[in-house]
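The basis for the numbers below is simple: all heavy atoms, side chains too, and nothing from hydrogens, waters or symmetry mates. Residue numbers count from 1 along this sequence. Nothing here was measured: the structure is a model prediction, and the numbers come from that model.
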Amino acid sequence: MIWIFLVFLFTLQIIGFYFIALLYTKIAKFDELEKKQRKLMAEMDDSLVAYLSELKDENEWLIERLATREDKPIADKAPITKEPELAKLVVPPNEQPSSMPITKPQIPINVALRSYGAANKPKEQPEVEADDDDDDDRTRAFAMHDAGESIEEIAKKLRKGRTEVELLLKFR
C-alpha cells in the first residue's frame with residue numbers, strides 16, 4: 001500500500017516539474033517578446049525624431065528662400081479668369097500647357113511666414129503651467145466626450161485640432 005502511495009506521489013512530482021518547465025518557457029517567450037517590442041518602440045521613436053528634424057530643416061530652408069526671394073512681376077501670357085475660390089488659367093487652343101506662365105500663390109507669403117514664426121516662438125510661461133493647461137484640456141475633453149459631445153464640438157470648444165482631440169481620447 002505504501003508503495004502505491006509513493007509511486008503516486010512520484011508521478012505527481014514529475015507532472016508538477018513538467019508544468020513548471022512549461023510555464024518557464026512561456027514566461028521566457030513573453031520576456032523575449034517584450035524586449036522586441038521595446039526595441040521596436042525605440043526604433044520608431046528614433047525614426048519620428050529624424051523625420052521631424054528633417055521636416056523642421058526643410059521648413060527653415062523654405063522660410064529662408066522665401067525671405068530672400070525677389071518679387072518680380074510676372075508677365076501674363078494668357079488671361080486669368082476667377083471662379084469662386086479657384087483661379088483657373090485659360091489656355092489658348094494652340095498653346096501647350098507646359099508653356100503656361102507661373103502665377104503668384106493665392107496666399108500671401110508674409111502671412112505664411114508670420115504664422116510659422118508665431119508657431120516657433122518660445123512660450124513665455126513656464127512649462128509646469130503648460131502641463132497644467134494640457135491636463136485641464138485633457139480632463140475637459142474626457143468630460144465632454146463622456147457627456148456625449150462630438151469630436152468636432154470638443155475641438156471647437158478647446159480650440160484644438162480634430163486630430164489632436166481624437167488622439168487625446170484614444171490615449172485615455
Side-chain angles (χ1 to χ4, degrees), residues 1-69 84-86 105-172:
M1 185 76 161
I2 259 184
W3 290 103
I4 295 174
F5 183 69
L6 287 175
V7 169
F8 179 71
L9 286 178
F10 183 71
T11 307
L12 284 178
Q13 198 171 20
I14 289 175
I15 292 172
F17 284 136
Y18 173 74
F19 281 119
I20 289 172
L22 186 65
L23 289 174
Y24 179 75
T25 56
K26 291 205 180 244
I27 289 174
K29 285 181 183 178
F30 282 122
D31 288 341
E32 184 179 324
L33 181 64
E34 185 178 348
K35 287 178 186 177
K36 285 181 182 178
Q37 288 292 334
R38 285 185 184 170
K39 182 180 177 184
L40 183 62
M41 284 176 44
E43 288 175 1
M44 287 175 50
D45 286 345
D46 292 342
S47 297
L48 283 175
V49 167
Y51 173 74
L52 290 175
S53 66
E54 186 175 321
L55 187 64
K56 181 182 176 189
D57 292 342
E58 287 179 7
N59 284 344
E60 289 173 354
W61 173 83
L62 177 64
I63 287 175
E64 207 174 282
R65 289 283 307 250
L66 290 174
T68 59
R69 176 170 96 64
E85 298 184 13
L86 292 176
Q106 296 296 323
I107 300 173
I109 295 170
N110 293 337
V111 173
L113 288 173
R114 267 188 269 133
S115 66
Y116 184 76
N120 282 336
K121 285 183 183 176
K123 295 181 180 178
E124 296 176 7
Q125 299 175 350
E127 290 183 20
V128 175
E129 292 177 15
D131 289 341
D132 292 341
D133 291 342
D134 289 344
D135 289 341
D136 186 43
D137 288 344
R138 188 178 307 134
T139 54
R140 288 185 2 205
F142 294 153
M144 286 187 255
H145 186 261
D146 292 340
E149 294 188 28
S150 69
I151 293 175
E152 290 83 13
E153 292 172 346
I154 296 171
K156 284 180 185 177
K157 289 181 181 178
L158 295 179
R159 295 182 182 155
K160 296 198 180 278
R162 181 175 185 259
T163 308
E164 186 177 354
V165 172
E166 285 176 350
L167 284 173
L168 212 152
L169 293 173
K170 280 184 184 178
F171 293 114
R172 189 175 198 175

In Å and rounded to the nearest 0.5 Å, what is the CG to CH2 distance from L6 to W3? 6.5 Å

With no hydrogens and no angle check, is any side-chain donor or acceptor of E153 less than 3.5 Å from a backbone partner on S150? yes

Spatial distance of atom NZ (K26) from atom CG (L23) [nearest 0.5 Å]: 8.0 Å

To the closest 0.5 Å, what do you measure between CG (L167) and CD1 (I151)? 10.0 Å

Nearest-0.5 Å distance, CD1 of residue I154 to CZ of residue F142: 10.0 Å

Any side-chain heavy atom of E34 sitting closer than 4.5 Å to one from F30? no

Can you measure from CZ (R140) to NZ (K157) and round to the nearest 0.5 angstrom? 10.0 Å

Considering all heavy atoms of both residues, which atom of L168 and which atom of A141 are nearest to each other, and what is their separation? CD2-CB, 4.3 Å

Heavy-atom closest pair (D137 atom, L158 atom, distance to 0.1 Å) is O-CD1, 3.7 Å

Take atom CD1 in I4; do more than 12 heavy atoms of anything else shown fall under 6.0 Å from it? no

Which distance, rounded to the nearest 0.5 Å, do you find between the CD1 of I20 and the OG1 of T25? 12.0 Å

Is the closest basic N to carboxylate O distance between D31 and K35 below 4.0 Å? no

Pick from K160, E152, H145: which one makes a side-chain contact (heavy atoms from CB on, under 4.5 Å) with V165? K160

Does E166 pair with R162 as a salt bridge, N-O distance under 4.0 Å? yes

